[in-house]
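Presented below is the structure to which this report refers.
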Amino acid sequence: MSVKKKFYITTPLYYVNAAPHIGHAYTTLAADILARYHRLKGRDVHLLTGTDEHGAKIEEVAAAAGIEPRAYADKIAAQFSELWKHLDVRYDDFIRTTEERHVKRVQAVFEHLLSTGDIYKGVYKGYYCVSCETYWTETEAPPEEKTEIRRCPNVDCRKKLTLTEEESYFFKLSKYEKPLLEHYEKNPDFLLPRKRATEITNFVKDGLRDLAVSRTKVKWGVPVKSDPKHVIYVWFDALQNYITATGYRPPGMEAPDEEDKSAALWPADIHFVGKEIYRFHAVIWPAMLMAIGAELPKSVYAHGWWTVEGQKMSKSKGNFVDPKEITREYGVDVFRYFLFREMPFGNDGDFSLSKIEDRYKAELGNDLGNLLMRITHMVDKYLGGALPGKSHRDKLTLTPSVLKAADAIDEAYEAVNLQEALNLIWVQIGRLNLHIEEKKPWKMAKEDLEGVRILLFDLVSSLRIIAGWISPFMPTVSTKIQSALGVRRTQMALTPNEVLNGLDGEKIKKAPPLFPRKEKS
RNA sequence: UGCGGGGUAGAGCAGCCUGGUAGCUCGCAAGGCUCAUAACCUUGAGGUCGCAGGUUCAAAUCCUGCCCCCGCACCCA
């Protein structure tokens, strides 16, 4: 038995303090698209997502909603999993940080690090806002002019802060400053995209301070086993999910409750994160792994942010885009397509309805949808729906030439350059449209029917390949195209044989529009 | 002050890491075709690649300086 190459990919664990929006959808879809591609390549893919449910913030919003944190988290976590289902995301595991499997392991890691000295007890000093239950640093909450009074930086609060001391456990982050820098240098693919690496490197070079990893004022969290009045800091807890979800057994943990699959899965191949949580994933998380003695993920990829109609998304503006609103209008696949065609993965971009509409009409309707329609209509009109079979494969010219793009597309996928993958695919779609124009089958049909048969066979084979390439982005559309072209089982075609096998004298019917023009409203 | 991102045709953007005819989409102009969702194809107009130096046979791309825009308060992928 050959061992398949594994590919372990993660999304962040989404914080359950608010309902999911386009940003969450973007990260998760990116992971799903990459996961689907790697599955098609035959890899053993494991896609992990989930929710982060602890911390003062959750206590707060739950209290505001008049329910227990647990019940609140249940509600929001369900919204996330429903959205993933709606968006056709195929994840292999959904972990919630409140689950027993996670909590036990986080506690075990904490105790282990206490024993090695990487976690020690100290005193946390900071400016505390009683109302917000938050500590602020000197720089975050500078004193007002000519006074010593510091106020809460939260504009809705602005209450006076008090200098407070709290017993706290600390993680020796400072110890890992040099090892981290060495790791970045030795592994240029660790911090992705490359242009963001400088930011992290500079941050670490400026010096790392030990991190307070427990709280006594917070109740909703993972208690420290040996000192239960302390609750583990939410980030220190949450980051560990990537490895706890594999069933990893930390040193010193008692009898395992489930199969430890970490040997097969860990290290993760790629963590997808938004740029605002990049530091946690590029600095603290690797340092934690070093402390535990576990391998580091192969890469941490920070993507950019969406603005909406030119404006930053924010709660105060209330302009979050609800993915369901967009999919109601355009369907799931168009939404998936748009997000990754519109902006280069890793950059920032702007989301707007007029841009979706433009791409829907031009790229999807005119380029791709119309292509399928004209091809199937011609097969019907000129050949009565009957395509020639495998015996004609030697006569194909377009198909082998389209297949030459496979390497470049693969490279784009492998480099997580999702926009480039789509660009390359659309170049091929353009070639098909052009090919029809040049060969003029409507003329050919009058003098050379055999030529038309081969031409259309060539076009159908080529479009089949293209349908396979787009399937990670638009799984439903891909299936529709393939079944319209007589394919019985959806598959990605990587070699000419795969393309041609199973395409043998099928009857092809006129296809309806894939992306119908919208009625003017 | 500091950190980061950005300034490329009318608009929106890629290219910059790994220098070598400036590219894509939309829009605009003219033409072609009719299999097709008024779709498809061709051609064209339109750019001192923010500014100024430097390195080089050669710079949008590397280096230095400067100018302008955005983010670094809560929320937040």
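Given the structure is predicted, the values throughout are model-derived calculations rather than measurements. First the proteins, then the strands, lettered A, B, ... as listed; each starts at 1. Basis for what follows: all heavy atoms, side chains included, without hydrogens, waters or symmetry-related copies.
As judged by a 4.0 angstrom heavy-atom cut-off over every strand, A:Leu514 is placed among the base-contacting residues. In this structure, A:Gly23 reaches the bases: a heavy-atom distance under 4.0 Å links it to at least one base atom across the strands shown. Here A:Tyr382 lies in heavy-atom contact (under 4.0 Å) with sugar-phosphate atoms only.
Where A:Asn433 and A:Glu342 each meet RNA chain B at their nearest nucleotide, the meeting point lying more 5' is that of A:Glu342. Along RNA chain B, the nucleotide nearest A:Thr198 and the nucleotide nearest A:Gly349 are compared for position; the residue whose nucleotide lies closer to the 5' end is A:Thr198.
For the pair A:Lys355 and B:U25, the criterion of a side-chain N or O lying under 4.0 Å from OP1 or OP2 is not met. Close to B:G5, at under 4.0 Å from its OP1 or OP2, lies no side-chain N or O of A:Asn347.
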Criterion side chain to side chain donor-acceptor pair (under 3.5 Å) on A:Asp92 and A:His46, from CA distance to verdict: CA-CA 6 Å; A:Asp92 299 283; A:His46 191 78; 4.5 Å; no
Worked check of side chain to side chain donor-acceptor pair (under 3.5 Å) between A:Trp305 and A:Glu276: CA-CA 9 Å; A:Trp305 270 21; A:Glu276 82 292 352; 3.0 Å; yes
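Both cation-pi conditions hold for A:Lys518 and A:Tyr330: the charged atom is under 6.0 angstrom from the six-membered ring centre and inside a 45 degree cone around its axis.
Atom-to-atom, CG of A:Leu422 to P of B:C13 comes out at 18 Å; the value is rounded to the nearest Å. Atom CG in A:Leu434 sits about 12 Å away from atom P in B:C40, given to the nearest Å. For the pair A:Met373 CE and B:U34 C1', the interatomic distance rounds to 14 Å; values are reported in whole Å. Residue A:Asp350 contributes atom CG, which lies 13 Å from atom C1' of B:A11 at whole-angstrom precision. Nucleotide B:C24 holds its C1' atom 12 Å from the CG atom of A:Leu424, rounded to whole Å. Residue A:Arg196 contributes atom CZ, which lies 15 Å from atom P of B:A77 at whole-angstrom precision. In this structure, the CZ atom of A:Phe345 is 18 Å from the C1' atom of B:C13, given to the nearest Å.
Distance from the side chain of A:Ala362 is smallest for B:C26 among the nucleotides B:C26, B:C40, B:A77. Among the nucleotides B:C40, B:U37, B:A77, the one closest to the side chain of A:Arg517 is B:U37.
A salt bridge links A:Arg96 with A:Asp74: at least one charged nitrogen is closer than 4.0 Å to a carboxylate oxygen. A:Lys509 has no carboxylate O lying under 4.0 Å from a charged side-chain N of A:Asp380, or vice versa, which leaves the two without a salt bridge.
As rounded to the nearest Å, B:C57 and B:A11 have P atoms that lie 38 Å from one another.
With ring centers used as reference points, A:His303 lies 6.0 Å or more from A:Phe272.
Other residues, nucleotides and ligands contribute at most 12 non-hydrogen atoms within 6.0 Å of the CD atom of A:Glu185.
Stem analysis of RNA chain B (at least three stacked-register Watson-Crick or G-U pairs, each with both distances under 3.5 Å) gives B:2-7 with B:67-72, B:10-13 with B:23-26, B:28-32 with B:40-44, B:50-54 with B:62-66.
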